[in-house]
There are 2 protein chains.
Amino acid sequence: MNRARTPRIADVARRARVSLATVSRVLNGKSTVDPRLAARVTAAATELGYRPNHVARNLRARSSTVWGIVVADITNPFFTRIVRAVQDAAWKERRTVIVCNTDEDLDRERGAIDVLVAEGVGGVIIAPASETATDVRPLTDRGIPVVAIDRRLPTAVDCVLVDNIAGGRAATEHLLASGARHVACITGPRDTTTARERLLGFRQALAAAGAERGSFSHADYREEGGRAALLRWIRQDRLPDGVFVANNLMTLGVLRAAYEQGISVPGDLRVVGFDELPWGGGVAGRVPVVVQPTTAMADAAVAMLARRESGDRGPARNVVLTPRLHALDRSVKLTVVA
Amino acid sequence: MNRARTPRIADVARRARVSLATVSRVLNGKSTVDPRLAARVTAAATELGYRPNHVARNLRARSSTVWGIVVADITNPFFTRIVRAVQDAAWKERRTVIVCNTDEDLDRERGAIDVLVAEGVGGVIIAPASETATDVRPLTDRGIPVVAIDRRLPTAVDCVLVDNIAGGRAATEHLLASGARHVACITGPRDTTTARERLLGFRQALAAAGAERGSFSHADYREEGGRAALLRWIRQDRLPDGVFVANNLMTLGVLRAAYEQGISVPGDLRVVGFDELPWGGGVAGRVPVVVQPTTAMADAAVAMLARRESGDRGPARNVVLTPRLHALDRSVKLTVVA
DNA sequence: GTGAAAGCGCTAACAA
DNA sequence: TTGTTAGCGCTTTCAC
């Protein structure tokens with residue numbers, strides 16, 4: 001690669017007839033430089049088409065404008081939106097983002113963290129694959145700030161969370177308010193806090209309304225899990241007339257099961273989901289969902305990271321944001337035709 | 001940041017009682033080293049918890065295991081899947097990917113390219129914001145290999161494309177085969193090749209079938225554009241009974257317009273889209289679509305990049321992949337209820 | 001306010 | 001095969 005022809009700081013210095021140090025100072029605006037020298041430097045830099053070499057800068061300055069973001073699956077619209085929002089926020093701070101997928105796999109997550117360490121990123125935002133097993137110490141040991149998003153971590157790091165209990169409550173209240181009498185909940189795996197909290201919100205809402213204890217089921221946060229849970233109830237002849245489904249993929253699964261079984265939504269079965277369905281305003285918008293404020297979450301995470309980078313050594317903080325229910329003014333019924 | 005405590009190659013060398021160079025050789029497996037020394041080195045490295053510093057490595061070796069990918073909007077499922085697939089493929093090659101969003105904005109795209117240059121990435125995969133105005137020379141001038149994906153570039157670089165004509169033809173043939181008689185096409189902006197090619201495929205299919213010349217409309221590849229196009233035909237009382245919509249967002253817009261107007265799909269209006277709708281197998285799966293082989297595209301792009309990085313200086317190549325029609329075995333009718 | 005010089009951690013000549 | 005050494009391009013003391 002013919003990088004030799006790329007101008008370096010020395011070329012700019014020569015052309016502007018100043019020293020290396022002066023060029024660096026002008027380019028970084030750190031120290032004060034005689035305006036006339038500065039003008040010469042900037043002129044020379046543009047004439048030469050000088051581009052800084054961040055790699056060298058990072059090595060010397062031991063700091064990087066690159067951040068890392070680690071998520072389970074960028075294909076999941078929730079994470080896509082988080083990544084997108086983080087990137088937009090980071091861009092405004094003139095930083096770049098390395099995105100890593102973990103597939104909810106601890107080994108891949110470990111690998112991703114290693115790479116981010118090796119690349120010397122300035123900070124990491126992570127949606128941990130596990131609340132107990134994810135180990136961010138390779139980062140924190142090196143003083144690289146970490147912000148957990150969506151889930152907590154065993155280590156004491158900054159967190160951006162959503163009030164899942166409130167979300168579960170809001171979803172359930174909506175079901176009850178829309179006339180459902182036998183409501184149920186399909187939540188995520190037992191060992192995830194989000195699943196437990198959303199279920200707790202469901203129970204709180206039922207208790208508060210003096211309603212009967214609804215049935216619930218733990219599934220795996222995947223489409224098939226939601227589908228299977230609903231089918232099971234159908235087989236057992238215990239089909240509820242309202243169901244709160246604790247994430248987006250399972251909500252799809254529930255809807256699919258309903259169509260397969262000729263159950264009309266929301267006629268026979270009211271469904272409230274958690275997490276936006278993709279293109280929420282569009283065709284899939286017939287199901288009310290509790291949406292997580294992804295932009296606000298990303299902004300909060302970016303702000304925390306920026307604070308830590310600028311030297312804040314205070315104790316870890318938690319930011320808890322409240323999700324809102326997105327109900328619909330009209331809904332659409334689906335029926336199987338052929 | 002307390003990086004001072006991080007072990008460097010020198011620490012490993014001291015502990016293994018060998019020279020820096022030997023450690024480097026062992027760690028990179030480039031040169032042959034006495035197995036006993038090698039064993040001492042690896043032992044020392046693990047004992048110390050040594051992690052390589054890619055930044056230093058890049059600076060010295062003028063090469064990087066980081067690639068960049070530049071897309072218009074990671075929120076668009078087509079690009080999400082491309083990014084995901086590129087990452088998976090890159091991961092297998094032990095490389096990391098910096099993702100940049102351009103928002104179809106040339107300035108942001110330019111900025112993204114500058115950053116990637118500054119970060120010294122080893123290669124870039126780009127879905128160009130424009131086929132004419134996007135300038136990748138900052139990369140190519142420095143010998144950084146570039147692969148364009150989804151759209152061509154004015155510069156001679158490797159390209160991974162989809163046969164849009166064949167896609168448009170397949171979509172239209174499906175409409176005709178399913179009994180539509182007055183078919184129409186909503187395609188993208190006049191100045192994009194994809195839009196022109198998909199429309200061309202539409203026309204070819206009509207001509208081949210000896211059908212009447214279908215009407216068509218150029219829109220902006222956004223949801224509202226598709227919606228508006230259909231509404232216009234409705235107003236003009238020229239509603240077709242089959243429509244080929246040339247991208248995913250516009251397809252949603254068309255569906256939305258149909259529901260708003262009480263037009264049943266596919267009863268009154270057959271729709272065939274282009275690009276997968278999100279979670280294609282799920283609820284949104286009632287519309288057959290021409291899907292682009294994102295995984296194959298990503299694999300091809302990664303393979304081309306890897307070849308270039310390993311020194312291939314041959315002329316630019318094009319890889320053209322054929323999209324497939326995903327029809328459905330059953331379809332689902334939507335009707336407005338409330 | 002400016003310049004000279006010393007590295008950041010690593011790899012790749014070149015010697016031995 | 002192994003070690004010594006000279007940088008990669010930049011920032012940042014430290015003198016002036």
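So that the names make sense, note that chain A is the first sequence line, chain B the second, and so on, each numbered from 1. Note: hydrogens, waters and symmetry copies are ignored here, and every other heavy atom, side chains too, is used.
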Worksheet item: Reading nucleotides 10-16 of chain C 5' to 3', which nucleotides get B (base under 4.0 Å from a protein heavy atom), which S (sugar-phosphate only), which -?
Response: BBBB---
Worksheet item: Rounded to the nearest Å, what distance is computed from the CZ atom of residue B:R17 to the C1' atom of nucleotide D:dT1?
Response: 17 Å
Fill in: Any B:R95 side-chain heavy atom under 4.5 Å of B:E309 side chain
yes
Worksheet item: Among side-chain atoms of A:E131 and A:T192, is any donor-acceptor pair under 3.5 angstrom?
Response: no
Worksheet item: Can you tell me if the side-chain N/O atoms of A:T32 get under 4.0 Å from OP1 or OP2 in C:dG1?
Response: yes
Item to complete: Just call it for B:V55: base, sugar-phosphate, or nothing, with non-hydrogen atoms closer than 4.0 Å on any strand.
Response: nothing
Discussion item. Distance check needed: D:dC10 C1' versus A:N58 CG, whole Å only.
Written reply: 10 Å
Worksheet item: Quick one: on DNA chain D, does B:S19 or B:L59 contact a more 5' nucleotide (nearest heavy atom)?
Response: B:S19
Item to complete: Using distance alone, with no hydrogens and no angle criterion, decide if A:N28 and A:S24 have a side-chain donor and acceptor under 3.5 Å apart.
Response: yes
Discussion item. Tell me the interatomic distance from A:R62, atom CZ, to D:dT13, atom P, rounded to whole angstroms.
Written reply: 12 Å
Discussion item. My understanding is that only one of A:D150, A:T294, A:I125 makes a side-chain contact (heavy atoms from CB on, under 4.5 Å) with A:I82; could you say which?
Written reply: A:T294
Practice prompt. To the nearest Å, give me how far apart CZ (B:R36) and C1' (D:dT2) are.
Written response: 14 Å
Discussion item. If we check side-chain contact (heavy atoms from CB on, under 4.5 Å) with B:V70, which of these qualifies: B:V146, B:V115, B:I126?
Written reply: B:I126
Worksheet item: Roughly how many Å is it from CG in B:D11 to C1' in C:dC8, rounded to a whole number?
Response: 14 Å
Fill in: Check: B:N318 and B:D158 side chains under 4.5 Å, non-hydrogen atoms
no
